[in-house]
Student: 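Input: one structure, supplied below.
Because the structure is predicted, anything quoted here is derived from the model rather than measured. Naming convention: chains lettered A, B, ... in sequence-line order (proteins, then strands); numbering from 1 in each chain.
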Amino acid sequence: MLKHTFCHSPRLSVTDEQSLWEEGYSTWKDIVWSEKLPLKYKQNQALLDTCRKSAFHLGNSDASFFYNTLPTKEHWRLFKDFREKTAFFDIETTGLDRNKNHITTIVLYDGLKLRHYVYKENLEDFCKDIEDYKLIVSYNGKSFDAPFIRENLKIPLNQPHIDLRYVLNSLGYRGGLKSCERQLNINRRGLEEVDGFMAILLWERYIKYGDEKALETLLAYNALDVINLEVLMIIAFNQKTAETPFKHLRIPVPTAPKMTLIPDNEIIQKIKGIDSYGRL
DNA sequence: TGTAGTTTCTTTGGCAAAGG
DNA sequence: CCTTTGCCAAAGAAACTACA
């Protein structure tokens with residue numbers, strides 16, 4: 001998708017880009033090799049420069065160049081070109097306030113390998129593992145997960161970051177991650193009843209009683225969220241490209257990876273209905 | 001070529017939504 | 001509970017057009 005992108009050039013809107021596509025300018029090459037361009041003087045100058053730079057930066061696998069020049073609404077375009085270097089991630093915490101609460105677990109998924117990190121066990125390993133990726137994807141992570149990680153783990157976490165909340169929102173899907181999954185018929189396989197609040201209670205149970213099954217259930221929930229992020233990203237990417245002339249960019253939806261973390265339904269049922277003071 | 005007038009892009013501010 | 005972001009409207013800054 002990036003090779004077809006022109007709207008990261010100064011003074012060039014997505015509408016201008018649309019008209020370029022309609023006039024037959026499909027890729028950066030078509031601009032660079034063209035005798036004369038159909039836009040206004042300053043736009044043409046900038047566009048020529050942008051297309052040359054873009055070819056260079058894509059050749060260098062430099063995601064930041066595109067991230068910094070594209071309008072935020074168009075960040076989804078980075079996905080296909082940087083898919084091999086993309087990490088999906090999600091955190092669970094003891095609450096929403098990052099001054100009072102801390103991270104309990106993190107799950108990291110790159111489409112092949114699923115890794116998890118646990119507070120006071122191996123949480124810090126996340127810091128070096130995430131460095132291998134050039135693009136990170138989350139749901140509402142720009143305002144929640146990423147600032148929480150920066151504060152808690154003291155890392156910059158400054159990779160280009162696609163927040164699916166806003167991508168899905170622009171496609172008409174709103175109401176939170178679980179709601180988006182339902183609208184798109186994405187399965188939650190035995191974890192339908194777990195939510196962020198229960199994640200706190202599962203963690204408390206693990207800490208209080210050393211209940212390993214509670215931790216595994218929490219990690220299974222955390223992992224499922226992250227696995228579904230990839231599916232959502234691909235569906236969103238396909239719907240976005242369907243709005244352009246470049247439908248051949250469609251990505252097949254992957255089959256779910258095998259899960260070794262097994263949620264414990266007995267614990268889920270037990271915790272369901274407990275209020276924030278731990279009473280039934 | 002210089003400048004007024006118009007179009008187009010960018011910045012600013014207040015509001016609502018989402019995460020555990 | 002708190003923070004960040006996108007959205008939308010309005011104002012501001014650039015750049016383009018027309019005309020003498």
Side-chain angles (χ1 to χ4, degrees), chain A residues 6-19 37-47 50 67-76 88-107 117-119 123 136-152 157-158 160-183 191 193-207 214-215 217-226 228-229 232 236 271 274-277:
Chain A
F6 303 125
C7 66
H8 58 318
S9 188
R11 312 201 64 79
L12 210 150
S13 64
V14 289
T15 319
D16 295 326
E17 179 186 61
Q18 184 83 39
S19 50
L37 298 167
L39 297 167
K40 290 162 190 168
Y41 179 74
K42 285 275 177 183
Q43 283 179 311
N44 285 338
Q45 294 294 100
L47 181 57
T50 301
Y67 188 71
N68 293 329
T69 50
L70 272 170
T72 324
K73 284 197 72 172
E74 304 301 325
H75 281 164
W76 62 270
F88 302 88
F89 75 107
D90 183 47
I91 67 174
E92 304 303 324
T93 71
T94 54
L96 285 169
D97 187 343
R98 62 171 183 267
N99 295 313
K100 298 191 183 82
N101 304 114
H102 68 80
I103 298 173
T104 57
T105 63
I106 307 179
V107 172
Y117 307 87
V118 179
Y119 180 68
L123 206 57
I136 57 178
V137 179
S138 67
Y139 191 93
N140 199 41
K142 279 191 174 172
S143 39
F144 184 74
D145 303 59
F148 222 119
I149 289 171
R150 289 189 195 108
E151 183 84 15
N152 257 242
L157 197 73
N158 52 8
H161 183 174
I162 299 176
D163 191 327
L164 282 171
R165 174 189 169 189
Y166 304 115
V167 186
L168 291 167
N169 228 291
S170 74
L171 289 165
Y173 305 101
R174 41 200 92 217
L177 177 65
K178 311 290 177 283
S179 164
C180 291
E181 287 174 2
R182 271 196 302 277
Q183 293 172 62
L191 284 158
E193 307 189 283
V194 186
D195 59 12
F197 181 60
M198 194 185 285
I200 299 176
L201 302 177
L202 283 165
W203 178 258
E204 285 174 357
R205 190 180 173 93
Y206 166 64
I207 291 301
L215 176 62
T217 304
L218 171 59
L219 285 169
Y221 163 73
N222 198 176
L224 183 61
D225 272 359
V226 177
N228 285 348
L229 285 183
L232 287 168
I271 289 180
I274 293 180
D275 68 22
S276 53
Y277 302 99

Student: I need the OH-C1' distance between A:Tyr173 and B:dA18, as an integer number of Å.
Tutor: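 After rounding, the reported distance stands at 19 Å.
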
Student: Without decimals, in angstroms, what is the distance between A:Asp16 CG and B:dT7 P?
Tutor: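 To the nearest whole Å, that distance equals 16 Å.
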
Student: Taking only the side-chain heavy atoms of A:Lys142 (C-beta and beyond), determine which of C:dT5, B:dG20, B:dT8 contains the nearest atom.
Tutor: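 Nearest nucleotide to the side chain: C:dT5.
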
Student: Closest to the A:Gln43 side chain: B:dC9, B:dG20, C:dC16?
Tutor: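 Within the option list, the nearest is B:dC9.
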
Student: So if I take every side-chain heavy atom of A:Arg174 and compare against B:dA18, C:dT3, B:dG20, which nucleotide ends up nearest?
Tutor: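 When the side chain of A:Arg174 is considered, B:dA18 is the closest of B:dA18, C:dT3, B:dG20.
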
Student: By nearest nucleotide on DNA chain C, pick out whichever of A:Ser170 and A:Asn99 is the more 5' one.
Tutor: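 Result of the comparison: A:Asn99.
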
Student: Can you spot which of A:Phe89, A:Tyr67, A:Tyr166, A:Tyr139 makes a ring pair (Phe, Tyr, Trp, His ring centres under 6.0 Å) with A:His161?
Tutor: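 Going through A:Phe89, A:Tyr67, A:Tyr166, A:Tyr139 one by one, the ring pair (Phe, Tyr, Trp, His ring centres under 6.0 Å) with A:His161 is satisfied by A:Phe89 alone.
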
Student: Less than 4.0 angstrom from a charged side-chain N to a carboxylate O is my criterion; do A:Asp225 and A:Lys178 meet it?
Tutor: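 Here A:Asp225 pairs with A:Lys178 in a salt bridge, since their nearest N and O are under 4.0 Å apart.
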
Student: Contact class for A:Phe148 (heavy atom, under 4.0 Å): base, sugar-phosphate, or nothing?
Tutor: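 Nothing: the residue A:Phe148, judged by heavy atoms under 4.0 Å, touches no strand.
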
Student: Classify A:Gly95 by what it touches in the nucleic acid, base, sugar-phosphate, or nothing, heavy-atom distance under 4.0 Å.
Tutor: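 It contacts base atoms.
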
Student: Can you find a side chain N or O atom of A:Lys73 that sits less than 4.0 Å from OP1 or OP2 on C:dC7?
Tutor: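 So the side-chain polar atoms of A:Lys73 do come within 4.0 Å of the phosphate oxygens OP1 or OP2 of C:dC7, strictly under.
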
Student: Which part of the nucleic acid, if any, lies within contact of A:Ser138, taking any heavy atom under 4.0 Å across all strands shown: a base, the sugar-phosphate backbone alone, or nothing?
Tutor: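 Nothing, no heavy atom under 4.0 Å.
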
Student: Provide the closest heavy-atom pair for A:Asp163 versus A:Lys142 in the form atom of the first, atom of the second, distance.
Tutor: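 Reported closest heavy-atom pair: OD2-N, 3.0 Å.
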
Student: Tell me: CG of A:Leu229 to P of B:dA18, nearest whole Å?
Tutor: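 Result: 16 Å.
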
Student: Where do A:Gln43 and A:Arg11 come nearest, in terms of heavy atoms and distance?
Tutor: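 So the minimum-distance heavy-atom pair works out to NE2-O, 2.7 Å.
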
Student: Take the protein atom CG of A:Asn140 and the nucleotide atom C1' of C:dT3, then report the distance between them rounded to whole Å.
Tutor: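 Nearest whole value for this atom pair: 10 Å.
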
Student: Could you give the CG-to-P distance, from A:Asn152 to C:dC2, as a whole number of Å?
Tutor: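 So the two atoms are 17 Å apart, to the nearest Å.
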
Student: How is A:Asn222 classified with respect to the nucleic acid when contacts are heavy atoms under 4.0 Å: base, sugar-phosphate, or nothing?
Tutor: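 Nothing: the residue A:Asn222, judged by heavy atoms under 4.0 Å, touches no strand.
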
Student: Tell me the interatomic distance from A:Asn101, atom CG, to B:dG19, atom C1', rounded to whole angstroms.
Tutor: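 About 12 Å, once rounded to whole Å.
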
Student: Any idea which of C:dT4, C:dA15, C:dC2 is nearest the A:Ser143 side chain?
Tutor: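 Closest nucleotide among those given: C:dT4.
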
Student: Atom CD of A:Glu151 to atom C1' of B:dG19: distance rounded to whole Å?
Tutor: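 That distance rounds to 16 Å.
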
Student: Given atom CG of A:Asn169 and atom P of C:dC7, what is their separation to the nearest angstrom?
Tutor: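 One finds 7 Å between P of C:dC7 and CG of A:Asn169, rounded.
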
Student: Where the side chain of A:Leu177 is concerned, which of B:dG19, B:dG20, C:dA15 is the nearest nucleotide?
Tutor: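 Out of B:dG19, B:dG20, C:dA15, the nucleotide with an atom closest to A:Leu177's side chain is B:dG19.
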
Student: Could you measure the distance from the CD atom of A:Glu151 to the CD1 atom of A:Ile149? Nearest 0.5 Å is fine.
Tutor: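 Those atoms lie 12.0 Å apart.
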
Student: Tell me which nucleotide among B:dG19, B:dC9, C:dC16 gets nearest to the side chain of A:Leu96.
Tutor: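 It is B:dG19.
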
Student: Using a 4.0 Å heavy-atom cut-off across all strands, classify A:Gly141 as base, sugar-phosphate, or nothing.
Tutor: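 No contact.
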
Student: Cut-off 3.5 Å, side chains only: do A:Thr93 and A:Asn101 have a donor facing an acceptor?
Tutor: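 No donor-acceptor contact under 3.5 Å links the two side chains.
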
Student: Using a cut-off of less than 4.0 Å, is there contact between a side-chain N or O of A:Arg98 and OP1 or OP2 of C:dT4?
Tutor: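 True: A:Arg98 side-chain N/O within range (under 4.0 Å) of C:dT4 OP1/OP2.
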
Student: Taking only the side-chain heavy atoms of A:Ser13 (C-beta and beyond), determine which of C:dT4, B:dC9, B:dG20 contains the nearest atom.
Tutor: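 Given the options C:dT4, B:dC9, B:dG20, the side chain of A:Ser13 is closest to B:dC9.
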
Student: Using the side-chain heavy atoms of A:Arg165, tell me which of these nucleotides is nearest: C:dC16, C:dA14, B:dA17.
Tutor: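 Nearest to the side-chain atoms of A:Arg165, counting from C-beta on, is B:dA17.
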
